[in-house]
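Worksheet for the structure shown next.
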Amino acid sequence: MVWNISKNIIQSNKIKIALIEVSLLIIVLFISQIYFTMAKTETQPYQIIKTEKDFEIRHYPPATMATILMAAKTYKELSSPGFRKLASFIFGGNHSKKNIPMTTPVHMDINDLQSSMSFVMPGGYTKDNLPKPNDSSIIINTTTDEYVAVVRFGGYANDDKIKTYAAKLETALKANEIEYHGNFRFLGFNAPYQFWKRKNEIIVSVFWSQKG
């Protein structure tokens, strides 16, 4: 009898401890969501040229980027390994052992030939003053300025959503007789552990400058 009472007390205490641990975890996750939602992260600058019902046209000035090329053909195959390599570079994996601030968005060009992921370098960094990556497969390049069409969607990205919104953007551009060129690309703005207010975009280059 005494043994059963003691056993019940121990089990009850274990349940209470488990509930406390779960509660603390929920509180930590809640606080982290607030932090990452409100945190000031530098975003690649652009100018909005035109806003339509289903998309917008932007102009992006040249930007310095760190890029990794991979044989991946899907978002799933590219996202995790590509992010790890580039994150290693900006978090001290370079010849100067220097930490470089994270920016948004992360660029992904996913296709059947050769996919890529790029981190935009913060303002003030150029090819000349960036520390050299320890990983020789990481390329530092400067993009040319471009006009792009953009469509936005929320939640967590996956291959089906990327294809769906790329098709939606393509349809909208054809309906508006706007010529586009190159691959439809994915832009991701949030850390994996940010659960709400997630933002994703699909972009494609357009010949907007020729419209005068």
Side-chain angles (χ1 to χ4, degrees), residues 43-44 46 49 52 54-90 93 102-121 127 130 133-194 198-210:
T43 298
Q44 183 180 7
Y46 60 83
I49 304 299
E52 295 286 354
D54 298 319
F55 66 95
E56 72 180 19
I57 302 295
R58 297 176 186 168
H59 175 257
Y60 278 93
T64 302
M65 296 195 182
T67 299
I68 190 81
L69 303 176
M70 297 184 65
K73 296 182 180 181
T74 65
Y75 171 81
K76 185 176 181 180
E77 292 173 341
L78 177 63
S79 56
S80 293
F83 192 92
R84 282 197 301 269
K85 283 178 174 287
L86 292 173
S88 176
F89 163 59
I90 67 170
M102 184 74 194
T103 67
T104 63
V106 174
H107 289 242
M108 297 188 206
D109 183 345
I110 306 166
N111 60 81
D112 290 335
L113 297 177
Q114 187 175 56
S115 297
S116 67
M117 176 185 284
S118 299
F119 282 7
V120 183
M121 296 295 98
K127 290 178 63 176
L130 269 173
N134 292 340
D135 186 341
S136 60
S137 65
I138 295 175
I139 302 166
I140 305 299
N141 63 299
T142 302
T143 62
T144 58
D145 70 305
E146 64 173 342
Y147 290 87
V148 299
V150 185
V151 66
R152 182 179 297 178
F153 65 96
Y156 279 90
N158 57 44
D159 288 298
D160 288 338
K161 284 186 178 181
I162 291 172
K163 290 177 182 177
T164 296
Y165 283 92
K168 181 178 179 179
L169 180 56
E170 183 177 25
T171 299
L173 292 176
K174 288 180 177 178
N176 285 269
E177 298 182 343
I178 297 174
E179 291 186 72
Y180 60 90
H181 59 98
N183 298 325
F184 287 80
R185 292 165 276 159
F186 170 76
L187 305 185
F189 288 81
N190 309 103
Y193 35 78
Q194 182 177 329
R198 296 188 64 81
K199 173 183 168 184
N200 313 281
E201 292 178 341
I202 301 295
I203 69 171
V204 68
S205 297
V206 295
F207 292 108
W208 193 260
S209 59
Q210 295 181 7

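Computed from a predicted structure; not experimentally measured.
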In this structure, CE of Met65 is separated from OG1 of Thr142 (nearest 0.5 Å) by 9.5 Å
Going through the distances and angles, do Ile202 and Phe186 end up as a side-chain contact (heavy atoms from CB on, under 4.5 Å)? CA-CA 5 Å; Ile202 301 295; Phe186 170 76; 4.1 Å; yes
CH2 of Trp208 to CD1 of Ile178: how many Å apart, nearest 0.5 Å? 4.5 Å
Minimal heavy-atom distance between Pro61 and Thr143, with the atoms involved, is O-OG1, 4.4 Å
Side-chain donor or acceptor of Ser118 paired with backbone N/O of His107 under 3.5 Å: no
Can you name the residues that form a salt bridge (charged side-chain N to carboxylate O under 4.0 Å, His left out) with Glu201, not counting sequence neighbours? Arg58, Arg152
Any donor-acceptor pair under 3.5 Å from Asp54 side chain to Val151 backbone: no
For the atom pair OG1 (Thr74) and CG (Asn111), what is the distance rounded to the nearest 0.5 Å? 11.5 Å
Short question: side chain of Asn190, backbone of Lys199 - any donor-acceptor pair under 3.5 Å? yes
Ignoring hydrogens, what is the shortest heavy-atom contact between Leu169 and Ala149? Give both atom names and the distance. CD2-O, 3.7 Å
For residues Phe89 and Asp135, determine if any side-chain heavy atom of one lies less than 4.5 Å from a side-chain heavy atom of the other. no
Angle class for the Tyr165/Phe153 ring planes (parallel below 30°, perpendicular above 60°, tilted otherwise)? parallel
Using 30° and 60° as the class boundaries, would you call the ring planes of Tyr46 and Tyr60 parallel, tilted or perpendicular? tilted
Minimum heavy-atom distance Ile138-Lys85, with the two atoms named: CD1-O, 3.5 Å
Short question: side chain of Lys161, backbone of Tyr156 - any donor-acceptor pair under 3.5 Å? yes
Ala66 and Ile140: which non-hydrogen atoms are nearest, and at how many Å? CB-CD1, 3.8 Å
Whether Thr64 side chain and Met121 backbone form a donor-acceptor pair below 3.5 Å: no
Using every non-hydrogen atom in the two residues, find where Asn200 and Gly155 come nearest and quote the distance to one decimal. ND2-O, 2.8 Å
Using modelled atom types and a 3.5 Å cut-off, is there a donor and acceptor pairing between side-chain atoms of Thr171 and backbone atoms of Ala167? yes
Can you confirm whether Met108 sits close enough to Ser115 that some side-chain heavy atom of one is under 4.5 Å from a side-chain heavy atom of the other? no
Under the side-chain contact (heavy atoms from CB on, under 4.5 Å) rule, what do Leu187 and Val150 come out as? Steps first, then yes or no, please. CA-CA 10 Å; Leu187 305 185; Val150 185; 5.8 Å; no
Taking Asp109 for its side chain and Ser116 for its backbone only, find out whether a donor-acceptor pair lies under 3.5 Å. no
To the nearest 0.5 Å, tell me how far Glu52 CD sits from Asn176 CG. 5.0 Å
Identify the two heavy atoms, one from Val106 and one from Met117, that lie closest to each other, and give their separation to 0.1 Å. CG1-CG, 3.7 Å
State the OG-CD1 distance between Ser205 and Ile203, to the nearest 0.5 angstrom. 6.5 Å
Go through the side-chain N and O atoms of Tyr180 and Glu170 and say whether any donor and acceptor fall under 3.5 Å apart. yes
Gap between atom CZ of Phe119 and atom CG of Leu86 - 0.5 Å precision: 4.5 Å
